[in-house]
Number of protein chains: 2
Amino acid sequence: MPGGRPRAFDADIALDRALEVFWRQGYEGTSLSDLTAAMGVNRPSLYAAFGNKEELFAKALDRYVSGPGAFAAEALTAPTVREVVRRLVEGAVELTTGANGPGCLSVNSVHACGPDSAAAREAAIACRRAGEAALRRRFEQAPDLPPDCDPTVLARLVHTVTDGIAVQAASGRTREELRQVADLALRTVLGELKDIPEPA
Amino acid sequence: MPGGRPRAFDADIALDRALEVFWRQGYEGTSLSDLTAAMGVNRPSLYAAFGNKEELFAKALDRYVSGPGAFAAEALTAPTVREVVRRLVEGAVELTTGANGPGCLSVNSVHACGPDSAAAREAAIACRRAGEAALRRRFEQAPDLPPDCDPTVLARLVHTVTDGIAVQAASGRTREELRQVADLALRTVLGELKDIPEPA
DNA sequence: CTAGTTATGTATCGAACGGTATGAAACTAG
DNA sequence: CTAGTTTCATACCGTTCGATACATAACTAG
């Protein structure tokens with residue numbers, strides 16, 4: 001009995017287009033007309049496939065985390081704390097100065113603080129907290145941390161630096177400029193760790 | 001021949017109210033109705049006194065820099081590089097976790113990246129570049145920098161850390177949590193400077 | 001007093017907002 | 001073929017957006 005008229009668009013591709021628009025223009029700065037134009041999907045089809053603007057944003061954010069932002073989860077598998085941090089900071093530079101950018105979708109969306117953007121902002125905050133918690137757990141079980149270094153605070157500091165890189169990228173800093181910043185950050189932030197040998 | 005009906009509101013107080021709203025809700029998230037309600041000013045009076053929404057924002061941003069953000073300029077007068085950085089980072093924590101916040105108006109506004117927010121975003125970027133340039137000049141004429149430390153890159157790194165603090169505050173981190181982050185940042189970022197004595 | 005000037009309050013402008021009703025089109029099952 | 005189901009395309013919903021026209025009120029200069 002089922003069947004029905006087939007879709008005239010690929011939902012995954014359309015979601016990627018929506019992600020690009022949200023990334024470039026922010027949640028509040030993106031209208032449904034912007035989305036339908038970029039996705040090549042009519043308005044009722046968009047609502048049927050993705051719910052509403054809030055739900056579409058949440059799905060785009062998921063895709064962001066598992067796509068362009070996947071380096072962050074992968075960085076946690078590095079063997080040493082130093083390497084984890086290096087991959088995160090350098091990955092943040094590459095991500096936020098890439099072709100889609102500039103900036104980071106989740107950092108952007110934290111600043112969608114208007115009255116109609118609460119859901120989007122909280123989705124971004126939740127996604128950020130999850131990432132930071134994963135980093136903290138990675139540090140907690142690391143044998144190569146100095147005993148006086150609180151893994152929770154270190155995770156927050158690393159996250160703070162990558163957040164700052166995203167802001168700098170959104171402000172127009174180039175990839176080369178931010179690579180210099182990342183290098184200096186790694187030399188200094190990791191200064192306290194540099195004499196800790198890699199674990200067995 | 002002049003004269004005319006006197007104002008029923010204080011323009012400076014109204015501008016402070018506008019600043020509060022922009023700070024809390026962002027440029028894109030703030031409507032003229034929000035502004036007139038908070039400022040206690042009718043719409044035509046607002047336009048007569050402040051131009052339009054973009055110009056009002058620019059004036060609010062100026063007031064932000066010379067008011068709540070004045071600590072940043074004052075920090076540059078500290079006698080040592082270490083103290084300059086310490087005041088900037090700790091000041092960023094206090095500013096972005098204050099009663100008006102959370103967050104930083106200029107960092108927020110960089111992420112107003114919709115099509116109708118170009119003027120506001122560029123005003124924020126210009127204000128950020130000016131601040132960073134002042135910090136760079138402060139470092140360039142500092143005798144207490146290691147010779148291998150580029151003052152331009154150090155200024156960008158410090159700015160990156162304060163930006164990150166603002167993002168963290170906007171994400172809900174408390175003042176106490178961010179003070180811990182600031183402490184760790186100062187111990188690590190300034191680790192390379194710690195053996196440099198204060199200048200004569 | 002009157003003339004001139006500026007601000008105020010109301011009521012609205014056209015455009016764009018997020019979201020939908022409606023009916024035709026395109027498919028599958030029988 | 002027909003019946004049932006799903007999507008598509010158009011046109012539209014009420015609301016809100018930033019920005020103004022207009023008439024009145026409150027002041028100063030003469």
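Sequence lines set the chain letters: A, B, ... in the order given, protein chains first and strands last, and positions in each chain run from 1.
- Rounded to whole Å, atom P of D/dG18 lies 9 Å from atom CG of B/Asp116.
- Here B/Ser33 reaches the OP1 or OP2 of D/dC17: one of its side-chain N or O atoms lies under 4.0 Å away.
- In this structure, NZ of A/Lys53 is placed 19 Å from P of D/dT15, rounded to the nearest angstrom.
- Atom CG in B/Leu56 sits roughly 14 Å away from atom C1' in D/dA19 (whole-Å rounding).
- Checking D/dC8, D/dA19, C/dT10 against every side-chain atom of A/Phe9, the shortest atom distance belongs to D/dC8.
- OP1 or OP2 of C/dA16 has not a single side-chain nitrogen or oxygen of A/Ser31 nearer than 4.0 Å.
- The CZ-P distance, from B/Phe22 to D/dG18, rounds to 9 Å in whole Å.
- Taking 4.0 angstrom as the limit, A/Asn42 places a side-chain polar atom (N or O) nearer than this to OP1 or OP2 of D/dA9.
- Counted by atom type alone, B/Arg179 and B/Thr174 present zero donor-acceptor pairs between their side chains at under 3.5 Å.
- Side-chain to base pairing of B/Arg43 with C/dG9: no donor and acceptor N or O lie closer than 3.5 Å to each other.
- Here C/dC17 presents its P atom at 14 Å from CG of A/Leu46, a figure rounded to the nearest Å.
- A/Asp150 places a side-chain N or O within donor-acceptor distance of the main-chain N or O of A/Thr152, the cut-off being under 3.5 Å.
- One can place OH of A/Tyr47 at 12 Å from P of C/dA21, the figure rounded to the nearest angstrom.
- Which of C/dA7, C/dG19, D/dG18 sits closest to the side chain of B/Arg5 comes down to C/dA7.
- Rounded to a whole Å, the CZ atom of B/Phe50 is 16 Å from the C1' atom of D/dA19.
- Looking at A/Thr96 and A/Arg175, their side chains never bring a donor and an acceptor atom within 3.5 Å of each other.
- Both A/Tyr27 and A/Pro44 lie close to DNA chain C; mapped to their nearest nucleotides by heavy-atom distance, the more 5′-ward contact belongs to A/Tyr27.
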